[in-house]
Amino acid sequence: MGTGKDVRLSKVFDPSDGRAVVVAADHGLMLGPIQGVLELEKTLQKVVEGKPDAILLSPGQAEKLSNLFKGRMAPSLLVRVDWTNTFRDRTYTLPVRETFFGTVSSPRHALKLGARAVVTYLFLGYEDEEMEARHLSLVSKYASECAKVELPLIVEPIPLGPRVTKANNAELVAMAARVAVEAGADALKVPYTGDPESFSNVVRAAAGVPILVLGGYRALSRRDLLEVIVETMEVGGSGVVFGRNVVQAQDPKKVLEDLRAIVHEKKSVREVLAGGEAPKKIKLGAQPERCSGCLLCTAICSFSHEGDHNLSAGRLKVEGRWPGPFKLAVCTQCGRCVEACPKKALSVNPAFGFIFWNEERCDLCGRCVEACPFGVIKLQGSKIKVCDLCGGTPECVDWCPRGALRVITS
Amino acid sequence: MGTGRELRKSEFIDQVDKRSVILQASHGLMLGPSEGEDIEVLRTIAKTGIDGIIVTRGFANRYSSIFRGRNSPAMLLSLDWTNAFRGRDHPLPMARLEHMFLSSVEEALSLGASGVTAYFFIGHEDDEHEASNMEALSTACRDCDSLEMPILVQVIPIGERVTAENYVDSLALASRMAVEAGADILAVPYAGKDGHSRIVAAAKVPVLLLDLEMKMSKGQPEFNIELDTPDAIRAGGSGLLLGRRYIERKNTPYVERLVKLVHGG
């Protein structure tokens, strides 16, 4: 890599950790004035406050909104040089019938706009193989012009079309990534492949070229959204590109602060979700009328504490049969177990209010289990299992699909 | 029209106070190595909050790591060469002024530079030199227009024809000529508080103070960087362009003080 590319890319990927948090806000070019990009300037003013490393825009918006990129510490401007109709699915006006792509800018033009890198798609999986050849040839053309003007090229390799299946998707992402690297990509933004193992294959395929994971993956909760990023970084990913998850968020600044905490400050998901604020005393609240009896809460409780899905190991209880009604029992921190313990092995955590079990003091007499009016403290093996509120961010609340569990702040 | 020029300029002119402190580290091309010169010193100076560092292309390629990351100073590429700064103590002291352009704006862009810089001398013994300086500067400025690259012009009155009486007038003349040719930012020697405010008023672009290490003409006023800089800023000046003595003296805290002097805090 030449000096120019190296210097420019270092303003996107922080040299201190080699990672980046990028916001994509180029949707208007392909999808029209969707929510969040309709008032793009207002949205991006909030985005900039969250200090992303870079923002991806269409060439037209890059020129209009250049003020947002002024100053050495401002985010880097990335410009999209291509266009496609392929993301206009059935929920949009004039849905796509056949995938096409085209050029809307060039590396030279982007450089004049002050861009620090350009971004292009590379689709693999076309029914008509000539289209794949043409797409690769367009990406190669961008790559050679980028090499001439020393502007980094970020390629977005995406498997797409009827030949892509659930079974071959991860393999195709890895393949498309490698094709992009061989064609001259200096960085990649790739869709999540669903699990760390297949993502590590993509990282290996990229042969050292930094990889950002796209934020468009299916996430069941805020925790899930962030945990995917941690997973990708653990296998060599270099950060994220978030689009709608940021520009359509109520509070884009907060979302970006969470992302920065995960990507750059190496905070755990748990720490980020706890908000970094002074801990507050919390309780679990149950609304049994909402419960569908799916037992996801007990499964995730056992999974997050013991690593398996033992429904009887949960620190909360769901009773009843479909279609209900169901009875939900959660620890209320009433403290009877603490009082009942002759060895003072149980105590109330002063910060969050959860019950803390001191393994060394405990002689497993079981009086606490007897004392619990709800039956949610258990003696299994040589362990007392009592609700620890997951350190302040209860997983059962995150995972309940019906909102039957919630956190009550006192 | 592109927006690159404004964005690149914003990398070395602070967006809040519109001021700047730039360090010139390109003297090696004109003067050879200097005593005490040390890349590690430059690395520490780069962390003082200085806005930009002027380098040559050879330097840019070898020490680009100084410019990596958004919290590093901006890279400015020096386009030209001159023997004007070879004083009597130099092994090859200047006998006749020579000045030429060596690097292109295109090259600066491909190195990832945020700006370019060139000299504009006034007071030449040979009038043709003034003409060729103007022509070369204009060519660079045209390239800057088409490639969206900001250009900082260092305006220096030089030679026997410049006296104490005509110093401010000469500097005002040359400054305005450089701006009309296309300069985005000027760096000029201090011409006293009133003189400096005249230059600023005529320039209409940000004007930095040039900390010249030698007397380039008989008329050049004395300059006390700590006393005169605040005066120059009050007169509308936009900051400082520091020479190589700051690298030679390895005095990073002093540079830090000057950065504070300009930007406050």
Side-chain angles (χ1 to χ4, degrees), chain A residues 1-21 48 51-55 57 59-77 79 105-117 145-152 264, chain B residues 1-18 20 22 46-47 49-53 55-77 105-115 143-150 263:
Chain A
M1 197 183 289
T3 304
K5 272 194 180 185
D6 177 61
V7 168
R8 289 192 172 102
L9 206 57
S10 80
K11 318 261 178 193
V12 178
F13 292 87
D14 190 324
S16 69
D17 56 15
R19 290 177 176 176
V21 173
V48 168
K51 298 190 175 22
D53 294 293
I55 301 176
L57 292 184
Q61 295 286 13
E63 190 167 332
K64 287 177 193 72
L65 305 179
S66 68
N67 272 338
L68 296 166
F69 300 92
K70 281 191 177 168
R72 215 154 58 236
M73 296 304 284
S76 290
L77 169 66
V79 169
S105 178
S106 68
R108 244 169 235 283
H109 178 224
L111 200 57
K112 282 192 187 184
L113 289 169
R116 287 196 172 128
E145 203 187 320
C146 278
K148 265 184 219 137
V149 299
E150 286 282 336
L151 190 64
H264 287 305
Chain B
M1 190 206 75
T3 46
R5 192 176 201 153
E6 281 303 310
L7 290 194
R8 283 186 254 276
K9 195 165 82 183
S10 79
E11 288 169 39
F12 57 94
I13 305 256
D14 188 282
Q15 282 309 287
V16 178
D17 61 18
K18 307 285 174 202
S20 181
I22 291 172
K47 294 193 175 85
I50 201 157
D51 298 278
I53 299 182
V55 295
T56 57
R57 72 178 144 208
F59 187 99
N61 275 322
R62 267 178 306 139
Y63 301 114
S64 61
S65 60
I66 287 180
F67 303 104
R68 298 185 89 229
R70 294 209 303 290
N71 53 4
S72 300
M75 180 203 298
L76 286 92
L77 186 76
V105 179
E106 178 115 31
E107 220 172 318
L109 202 59
S110 78
L111 286 167
S114 305
D143 290 345
C144 284
D145 278 344
S146 63
L147 295 169
E148 290 286 334
M149 182 65 97
H263 288 299

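By convention in this document, chain letters (A, B, ...) are assigned in the order of the sequence lines, proteins followed by strands, and residues within each chain are numbered from 1. Both backbone and side-chain heavy atoms feed into the values below; hydrogens, waters and symmetry mates do not.
- With chain B as the partner, the residue from A:Arg108, A:Arg8, A:Glu150, A:Lys5 showing the most heavy-atom pairs under 4.5 Å is A:Arg8.
- For a residue to count as touching a neighbouring chain, one of its non-hydrogen atoms must lie under 4.5 Å from one of that chain's; by this rule A:Asp53 touches chain B with backbone and side chain alike.
- Closest non-hydrogen pair, B:Ile53 versus B:Ala46, comes out as CD1-CB, 4.1 Å.
- Contacts between B:Arg8 and chain A at a heavy-atom distance below 4.5 Å involve the side chain alone, from C-beta outward.
- Other residues, nucleotides and ligands contribute more than 12 heavy atoms inside 6.0 Å of the NZ atom of A:Lys70.
- Residue B:Gln15 touches chain A through its side chain alone, counting heavy-atom pairs closer than 4.5 Å.
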Residues B:Leu111, B:Arg57; criterion side chain to side chain contact (heavy atoms under 4.5 Å, CB included); working and verdict: CA-CA 8 Å; B:Leu111 286 167; B:Arg57 72 178 144 208; 3.9 Å; yes
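- For the options A:Ala115, A:Gly2, A:Ala74, A:Ser16, heavy-atom pairs under 4.5 Å to chain B are most numerous at A:Ala74.
- In this structure a side-chain-to-backbone donor-acceptor pair under 3.5 Å is missing from B:Lys47 to B:Asn71.
- Taking each heavy atom of A:Val7 and B:Phe67 in turn, the nearest pair found is CG1-O, 4.0 Å.
- Between the CD atom of B:Glu148 and the OG1 atom of B:Thr3 there is a distance of 7.0 Å, given to the nearest 0.5 Å.
- Heavy-atom distances place the side chain of B:Met75, and not its backbone, under 4.5 Å from chain A.
- Heavy atoms closer than 4.5 Å to chain B are found in the backbone of A:Pro75, but not in its side chain.
- Interface remark: A:Ala110 contributes no atoms to any contact with chain B (heavy atom separation under 4.5 Å).
- With a threshold of 4.5 angstrom between heavy atoms, A:Leu77 approaches chain B through side-chain atoms but not through N, CA, C or O.
- In this structure, no portion of A:Asp14 lies under 4.5 Å from any heavy atom of chain B.
- Proximity to chain A (any heavy atom under 4.5 Å) is shown, for B:Asp14, by neither the backbone nor the side chain.
- A donor-acceptor pair is defined here as one N or O able to donate and one able to accept, closer than 3.5 Å; such a pair exists between the side chain of B:Ser10 and the backbone of A:Gly71.
- Without hydrogens or angle criteria, A:Lys112 side chain to B:Ser146 main chain gives a donor-acceptor distance under 3.5 Å.
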